[in-house]
Amino acid sequence: MHRSQHSIEGPLAVEPDDFRRELVRTAHWVADYLEAMPESPVTRPLPDQHRRRLSASPLRDGGQALPEFLDFIKTDVAPYPGGNGHPAFFAWITTPPAPIGILAHLVGATLNASCGYGENALVDLERGAVRALADLAGLPQGTGGVLTSGGSMANLLCLAAARTWFLASRDATDGVAHDDIHARLVCYQSTETHMSVTKAARTIGLPPSRIRHVPVTADLRMDPGRLRAAVEADLVAGLLPFCVVSNLGTVGTGAIDPLPEITRVCREHGLWHHGDGAYGGLGSAHPDLAPHYEGVAELDSLTVDPHKVLNVPIACGAALVTDAGRLRAAFSTRASYLDGNDEWPWLSESTLELTRPGGRALSVWAILHQLGRDGVRDLLEHYLSHARLLRELIRERPDLELITDGPWAITCFRYSPSSFDGDLDVLTTRIARELQDGGKTFLATVRVHGTLTLRASVCGHRTTKADVETLVAEVTRIGERLTAH
Ligand SMILES: *Cc1c(COP(=O)(O)O)cnc(C)c1O
């Protein structure tokens with residue numbers, strides 16, 4: 001086969017045949033790595049010396065040959081994974097990459113389009129991906145938004161949009177009126193809310209004293225009565241409640257706040273209602289979860305994190321705003337060297353980032369279109385059915401105590417045999433640590449109403465029944481050993 005040979009010049013240039021060979025070698029490595037993963041340790045401790053070497057990485061004067069890159073990954077990087085690619089990984093909500101997402105990232109880097117400014121097809125795919133996410137989440141037609149680096153950034157964008165909207169509604173976007181109102185803004189979240197919401201509120205300029213943590217009821221959902229009381233007390237004190245952040249799946253236990261009641265408080269008092277659905281924002285797409293999402297269409301904005309339940313490769317979140325113009329109002333400042341487009345507004349006008357990765361948009365688009373609507377439901381069912389199995393196994397064992405069980409796929413439990421009379425929090429910590437170091441499976445811990453629990457989140461498309469059984473076997477094996485007299 002004849003291939004045109006362009007002249008190869010420049011410090012970064014690579015001979016076409018060398019590049020092709022390296023691409024193929026890398027592709028084989030990617031496939032081998034993923035295939036071998038279930039039999040590999042979930043994580044492997046990083047020796048301190050190795051960490052120091054990687055952290056320093058001094059530059060040589062001369063560069064290195066192309067193949068050295070993959071060699072280095074094989075020996076120095078890949079052996080020390082975070083664990084989240086592994087099917088027996090149950091910690092946090094950090095998921096494995098969908099295979100098509102890996103392809104999309106490679107293609108995205110090849111096209112190297114920016115989804116911030118200028119026109120290219122990936123910008124439109126991002127718009128399409130955002131629309132599809134909004135539909136799956138149950139948000140109304142006309143919802144717009146942008147992809148982000150994750151849930152934290154999406155929460156920040158939505159809080160900024162809420163703040164701009166509130167100031168604009170009082171004709172206070174500048175000057176003394178702005179300063180007066182800004183100094184009295186208050187936002188509300190529950191005591192179970194992810195810390196990224198507090199970070200976002202701090203970043204838009206709220207001091208801790210104007211960020212309220214509303215108590216939850218026994219089921220860990222925001223107490224709407226307590227919310228109403230807090231808002232009304234703040235109004236009486238001359239403050240300006242402007243935004244409530246509800247949880248659509250808390251990071252701790254997956255609890256979903258009572259959306260209709262919270263919306264009612266927001267509407268009565270003129271507040272923006274933001275939903276943090278970084279984990280659970282797509283619950284409407286599954287019939288068992290959908291009843292908890294009644295009222296989701298009334299939200300003003302919603303965060304979803306495709307790098308969680310959709311298994312989009314890290315990093316990808318989305319900020320969805322039902323009146324898309326409100327997001328643009330917060331971020332559109334045109335510069336003379338950027339010639340925007342009114343019919344198809346550049347996405348950089350709706351977010352903080354100017355240059356934005358096309359691979360992210362391509363990855364979400366590819367996964368959603370591989371799955372289709374039915375596939376998204378089936379993927380959620382995959383998590384829920386494995387969580388049900390885990391709960392059955394926990395219930396079968398008298399030495400395991402089930403502490404929270406749903407409606408999402410997070411399960412909190414403890415190893416607490418009746419014969420044990422020591423400190424259960426200490427025991428729980430030791431079980432988690434030993435299990436994490438063991439390399440067979442991996443989970444994290446969380447406090448539920450003050451009690452330290454083992455927390456297992458099923459959120460990987462590759463997790464199997466055997467992985468769930470391994471988790472229970474490891475917890476009980478370690479627990480029995482630690483409590484043996
Ligand atoms: C993960 C998570 C976040 C933060 O998202 P990142 O993608 O990690 O920035 C925020 N809220 C909830 C409920 C989450 O589960």
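Indexing begins at 1, ligand by ligand and atom by atom, following the structure's order.
- Heavy-atom neighbours of Arg433 CZ from other residues, nucleotides or ligands within 6.0 Å: at or below the threshold of 12.
- A salt bridge between Arg228 and Glu268 is present, with a side-chain N of the basic residue lying under 4.0 Å from a carboxylate O of the acidic one.
- A salt bridge is defined here as a Lys NZ or Arg NE, NH1 or NH2 lying under 4.0 Å from an Asp or Glu carboxylate O, and Arg267 with Asp300 meets this definition.
- More than 12 heavy atoms of other residues, nucleotides or ligands shown are found within 6.0 angstrom of CZ on Arg391.
- A distance of 6.0 Å or more separates the ring centres of Trp92 and Tyr279.
- Of all the heavy atoms of Thr250, none lies under 4.0 Å from any atom of ligand 1, so neither backbone nor side chain is involved.
- For the pair Gly151 and ligand 1, the shortest N or O to N or O distance falls below 3.5 Å.
- In this structure, Phe242 has its ring center at least 6.0 angstrom away from the ring center of Trp272.
- In terms of N/O distances under 3.5 Å, ligand 1 is approached by Asp276.
- With a 4.0 Å heavy-atom cut-off, ligand 1 is reached by the side chain of Ser196 but not by its N, CA, C or O.
- Here is the list of ligand 1 atoms found below 4.0 Å of a heavy atom in Ala278: 2 (C), 3 (C), 10 (C), 11 (N), 12 (C), 14 (C).
- Proximity to Gly150 (heavy-atom distance under 4.0 Å) selects the following atoms of ligand 1: 7 (O), 9 (O).
- When non-hydrogen atoms are compared, ligand 1 lies under 4.0 Å from neither the backbone nor the side chain of Met153.
- For the 3.5 Å distance criterion, the side chains of His274 and Asn155 qualify, holding a donor opposite an acceptor.
- Here is the list of ligand 1 atoms found below 4.0 Å of a heavy atom in Val251: 15 (O).
- In terms of protein heavy-atom proximity, atom 7 (O) of ligand 1 is closest to Asp305 OD2, 2.6 Å.
- In the vicinity of Gly249, heavy-atom distances shorter than 4.0 Å reach the ligand 1 atoms 13 (C).
- The contact set between ligand 1 and His194, taken as ligand atoms under 4.0 Å from a residue heavy atom, comprises 2 (C), 3 (C), 4 (C), 10 (C), 11 (N), 12 (C), 14 (C).
- No hydrogens or angles considered: nothing links the side chains of Thr250 and Glu192 as a donor-acceptor pair under 3.5 Å.
- A donor-acceptor pair under 3.5 Å is formed between the side chain of His86 and the backbone N or O of Met37.
- Nearest non-hydrogen protein atom to atom 9 (O) of ligand 1 is Ser152 OG, 2.6 Å.
- Considering both main-chain and side-chain atoms, Ser149 never comes within under 3.5 Å of ligand 1 through any nitrogen or oxygen pair.
- The N/O atoms of Lys308, backbone and side chain alike, include one that comes under 3.5 Å of an N/O atom in ligand 1.
- Distances from ligand 1 to the non-hydrogen atoms of Gly317 include no value under 4.0 Å.
- Annotation for ligand 1: atoms under 4.0 Å from non-hydrogen atoms of Ile93 are 15 (O).
- Between Glu298 and Arg264 there is no salt bridge, since no side-chain nitrogen of the basic residue lies less than 4.0 Å from a carboxylate oxygen of the acidic one.
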